[in-house]
Amino acid sequence: MGARASSTPDLERLAAVEQRLSDHEARCEERLAEIRATAASTLKAVEGLKSRFWTITLALLAWAMAQMWSANQARLSLLEQSAPHEIRAVAAR
């Protein structure tokens, strides 16, 4: 009878440990699911930022090219305006 009485608390403790282990594994699975959801959300956000980055890069490149074209047109206009005056000056010599 003494052996049986001492094994009952051992079985109860073992059952309690198994229950705690089971609860712990369930919490770990929940946390893993949350981590995966967060990682997927972060990856989606990064992809969105990459597309915005390329959009801004292309817009800046287009702006820079427009600035260069505009400056070139202004320079060309100045050259065309000053050319007849210089030709007259050379012809007058």
Side-chain angles (χ1 to χ4, degrees):
M1 228 183 191
R4 199 172 248 210
S6 69
S7 70
T8 302
D10 289 341
L11 290 176
E12 288 175 1
R13 282 189 3 203
L14 181 59
V17 168
E18 287 177 346
Q19 182 61 43
R20 286 177 42 200
L21 180 61
S22 178
D23 292 345
H24 176 76
E25 288 177 350
R27 284 193 308 271
C28 286
E29 287 296 323
E30 290 172 5
R31 289 179 185 148
L32 182 59
E34 290 173 5
I35 289 169
R36 285 182 177 157
T38 302
S41 173
T42 302
L43 184 59
K44 185 177 179 182
V46 167
E47 289 297 323
L49 288 174
K50 280 178 22 181
S51 67
R52 288 180 185 157
F53 167 78
W54 285 114
T55 301
I56 290 170
T57 301
L58 289 175
L60 286 173
L61 183 60
W63 176 81
M65 290 176 67
Q67 294 299 313
M68 287 176 51
W69 183 82
S70 176
N72 194 33
Q73 289 300 104
R75 184 173 161 253
L76 186 59
S77 176
L78 281 174
L79 288 174
E80 289 174 349
Q81 288 175 2
S82 65
H85 173 69
E86 290 174 2
I87 290 173
R88 282 188 225 127
V90 170
R93 286 185 194 176

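Just so it is clear, the model here is predicted, and its values are computed rather than measured. FYI, side chains are in, hydrogens and waters are out, and symmetry mates aren't considered; it's all heavy atoms of this structure.
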Next on the checklist: Among I56, T57, L49, exactly one meets side chain to side chain contact (heavy atoms under 4.5 Å, CB included) together with F53. Which residue is that?
Outcome noted: T57

Item to check | Test log, rule salt bridge (Lys or Arg N to Asp or Glu O under 4.0 Å), inputs E47 and K50 | outcome: CA-CA 5 Å; E47 289 297 323; K50 280 178 22 181; 3.5 Å; yes

Checklist entry - Between T38 (side chain) and E34 (backbone), is there a donor-acceptor pair under 3.5 Å? => result yes

Checklist entry - In chain order, what residues pass the side-chain hydrogen bond (donor to acceptor under 3.5 Å, both in side chains) check against Q19, with sequence neighbours excluded? => result D23

Checklist entry - Under 3.5 Å, is there a donor-acceptor pair between the side chain of T55 and the main chain of S51? => result yes

Checklist outcome for this item: Distance col, row R75:CZ vs S70:OG, nearest 0.5 angstrom, shows 13.5 Å

Item to check | Pair L14-D10, side chain to side chain contact (heavy atoms under 4.5 Å, CB included): steps then yes or no | outcome: CA-CA 6 Å; L14 181 59; D10 289 341; over 6 Å; no

Checklist entry - Which distance, rounded to the nearest 0.5 Å, do you find between the CD of Q67 and the CG of L60? => result 11.0 Å

Checklist entry - So how far is it from Q73 CD to M68 CE, rounded to the nearest 0.5 Å? => result 12.5 Å

